[in-house]
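So the structure is just underneath, and the comments pick up after that.
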Amino acid sequence: MCGIVAYLGCREAYPILIRGLHRLEYRGYDSAGVAVLNEEGKLNIYKAVGKVANLEQMVQGHDCSGSLGIAHTRWATHGVPNEVNAHPHISQSGDLTMVHNGIIENAGALREQLKKKGFSFRSETDTEVLLQLIEYTQKKHDADLASAVRSALQKVIGAYAIAVIDRKEPGTIVTARKSSPLAIGLGEGNSEFFIASDASPIAGYTNKVVYLNDEEVAVCRRGEDLQISTLGADKVDVRIKEIDLDVSMLDKGGFPHFMLKEIFDQPSVLKDCMRGRLLPAHRRIILSAVTEHREELLNAKRYVMVSCGTSWHAALIGKQLIEQFCRIPVEVAYASEFRYSDPVVGPGDVVFAISQSGETADTLSAVQMASERGAMVFGIVNAVGSSIARASDTGTYIHVGPEIGVASTKAFTGQTTVLAMLALAIGREKGTVSEDTYSDAISELEQIPDKISRILEKNEEIKALAQQYTANRNFLYLGRGTDAG
């Protein structure tokens, strides 16, 4: 899970880039790097193995001035973790530098072709291959950076989110994505652009964000409006979304690590998840997606849930709840298997895509397949404006705030809460759940945040219990129904 941060504007880029890298540390990484173009047109690139703090220490005493820059945290896929393989990479001429998330599957073949054209390579990475391909295309066709990026990307197979700068175009960053998320924050007017893998490094600077779709290229140019096009150079409308991301939720809040903070977040965020949807005073659950797509949901032949990892476990609980309250058959599939198994899915089916980030590549591919075959897609995600949210016909956000800890906590409880509300709302519309059961379930849901709070009051007892069993190698969990989830 690599991280990208880039900035173009009127401020010094380096502090913004470093702050952004720190906000992306939750993704996990083995090296970090930054490139800044100074006022004299010199690209200063610094890279370090290990933590972002190592990079900061390396940069001390060096020139990191400039208002245009890119930065990256890398998780090694091609080549061992070292400074040479770390991003940003630089082109053979030294004019271009780039950061990249994803994997270029035909990098080996492209590398050999470029070697025959006289290119040499410093690193083992697929990223450097793509960068050299962009430079080759730029020089061969005497093209500007954006045109060269569009042309080069038509020759690659794989996934990418990239940010590229050319020291000969000092007021421009070119970005593009396919199967790897990329967000562009817009500052006041057209003077600033904040680019990142997700919205967390952008929060605090602007709430106006543009999310690129697959095979779109964006040109951020100082003093001009954002321009987006397809790989074929067809213009794309700029779709600006306003995000509501509380910067205070991005720090540890006094806890020793993010996972513990997010465990303690659960009582408050589950109230947010249910607010405006669970109406205990009226004994009602109101979900706009159920209201607006009532007929498709009630008349569906079956439901299919596609997800990965922890979201898959939430789907198993959702299956039991929906079958219990709605009497509709539900299949649960790993998204990675669904997309390759040629599933029987089409009109009359509802496919529920469950993902915390809304960017899970396998789940997104499953969504695209289901849509192409005529199924209705219902997204259950946390990240507003994410790829799965945009690709879905309808859906429900879980609204639990950013989850920085890698081990999912509040996203899982948020997903299961939404699935419970969904099952009850559809069941009531179908008449397959009694009013007494419906009313009792609403009361139970309302009490969940307080029950979790009472559990968390026993934190020290839980900690002592965990320490007692921390050396045990195996556990056997016994449960039935949703308790087995």
Side-chain angles (χ1 to χ4, degrees), residues 241-246 249 262 265-298 300 303 305 307 311 314-315 317-322 324-326 328 330 350 352-356 358 376-386 388-390 392-403 408-453 482:
K241 296 184 178 294
E242 291 195 4
I243 60 170
D244 182 16
L245 188 57
D246 185 353
M249 295 190 73
E262 288 160 8
D265 278 347
Q266 289 176 101
S268 62
V269 299
L270 289 183
K271 288 180 182 178
D272 292 339
C273 177
M274 293 186 279
R275 183 173 290 116
R277 298 163 171 175
L278 187 79
L279 308 176
H282 302 283
R283 286 292 178 258
R284 289 292 305 276
I285 294 173
I286 298 177
L287 297 175
S288 60
V290 175
T291 302
E292 295 169 6
H293 295 269
R294 181 179 184 276
E295 297 307 315
E296 298 104 305
L297 291 168
L298 268 56
Y303 291 166
M305 294 186 174
S307 48
S311 298
I317 294 174
K319 168 185 168 69
Q320 295 184 43
L321 293 171
I322 289 174
Q324 176 185 349
F325 293 131
C326 308
I328 297 173
V330 180
V350 177
F352 291 85
I354 307 174
S355 165
Q356 189 276 124
M376 174 185 167
V377 176
F378 191 113
I380 298 176
V381 301
N382 189 37
V384 176
S386 57
I388 291 173
R390 299 198 308 275
S392 300
D393 297 302
T394 187
T396 302
Y397 288 113
I398 64 175
H399 291 313
V400 297
E403 189 174 49
S408 181
T409 53
K410 61 184 182 179
F412 173 75
T413 49
Q415 288 167 347
T416 54
T417 299
V418 163
L419 287 164
M421 291 191 294
L422 182 66
L424 288 164
I426 295 173
R428 190 174 192 275
E429 292 295 323
K430 283 182 67 71
T432 51
V433 59
S434 71
E435 284 298 322
D436 286 344
T437 300
Y438 180 76
S439 181
D440 290 345
I442 288 175
S443 296
E444 289 293 326
L445 282 170
E446 183 187 16
Q447 295 174 44
I448 285 175
D450 290 336
K451 289 183 176 180
I452 294 176
S453 292
T482 53

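- Of all heavy-atom pairs between Cys326 and Thr432, the closest is CA-OG1, 3.3 Å.
- Taking 4.0 Å as the cut-off between side-chain N and carboxylate O, Glu446 and Lys451 do not count as a salt-bridged pair.
- For the residue pair Val290 and Ala425, the shortest heavy atom distance occurs at CG2-CB, 4.3 Å.
- A distance-only check finds a donor-acceptor pair linking the side chain of Ser434 to the backbone of Thr437 [under 3.5 Å].
- Remark: side-chain polar atoms of Lys410 are paired, donor with acceptor, to backbone N or O of Val400 under 3.5 angstrom.
- Here the closest non-hydrogen pair linking Ala411 and Glu403 is CB-OE1, 3.2 Å.
- Annotation: the span from Glu429 atom CD to Glu295 atom CD amounts to 9.0 Å, rounded to 0.5 Å.
- Asp393 places a side-chain N or O within 3.5 Å of a backbone atom of Val377 that can act as its donor or acceptor partner.
- Considering CE of Met305 and CD1 of Ile317, their distance stands at 11.0 Å, rounded to 0.5 Å.
- From Thr394, atom OG1 reaches atom CZ of Phe378 across 5.5 Å, with rounding to the nearest 0.5 Å.
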Audit row: Thr417, Phe412, side chain to side chain contact (heavy atoms under 4.5 Å, CB included) steps and yes/no: CA-CA 9 Å; Thr417 299; Phe412 173 75; over 6 Å; no
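- Atoms CG and CD, on Leu419 and Gln320 in that order, are 11.5 Å from each other to the nearest 0.5 Å.
- Applying the 6.0 Å contact sphere to NZ of Lys241 captures no more than 12 heavy atoms from other residues, nucleotides or ligands.
- In this structure, CG on Leu321 lies 11.5 Å from CD1 on Ile426, to the nearest 0.5 angstrom.
- Nearest approach of Ile398 to Gly414, heavy atoms of both residues: CG2-O, 3.9 Å.
- For the atom pair Ile448 CD1 and Met274 CE, the distance stands at 6.0 Å (nearest 0.5 Å).
- In terms of heavy atoms, Gly358 sits closest to Ser386 at CA-OG, 3.3 Å.
- Under the 3.5 Å distance criterion, the side-chain polar atoms of Asn382 are matched with a main-chain donor or acceptor of Gly401.
- Of the possible polar contacts, none joining the Ser453 side chain to the Pro267 backbone as a donor-acceptor pair under 3.5 Å is found.
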Donor-acceptor pairs under 3.5 angstrom involving side-chain atoms of residues 276-288: please list them, not counting sequence neighbours.
| from | atom 1 | to | atom 2 | distance (Å) |
| --- | --- | --- | --- | --- |
| Arg277 | NH1 | Cys273 | O | 3.0 |
| Arg277 | NH1 | Tyr397 | O | 2.8 |
| Arg277 | NH2 | Tyr397 | O | 2.8 |
| Arg283 | NE | Ser439 | OG | 2.9 |
| Arg283 | NH1 | Pro280 | O | 2.7 |
| Arg283 | NH2 | Ser443 | OG | 3.0 |

Verdict with reasoning, Ser311 to Gln415, per side chain to side chain donor-acceptor pair (under 3.5 Å): CA-CA 8 Å; Ser311 298; Gln415 288 167 347; 3.0 Å; yes
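- For the pair Phe352/Val330, no side-chain contact is recorded, criterion being any heavy-atom separation below 4.5 Å from C-beta on.
- Nearest heavy atom pair, residue Leu424 against residue Leu445, reads CD1-CD1, 3.8 Å.
- Checked by atom type and distance alone, the side chain of Gln356 never pairs as donor or acceptor with a backbone atom of Ser408 at under 3.5 Å.
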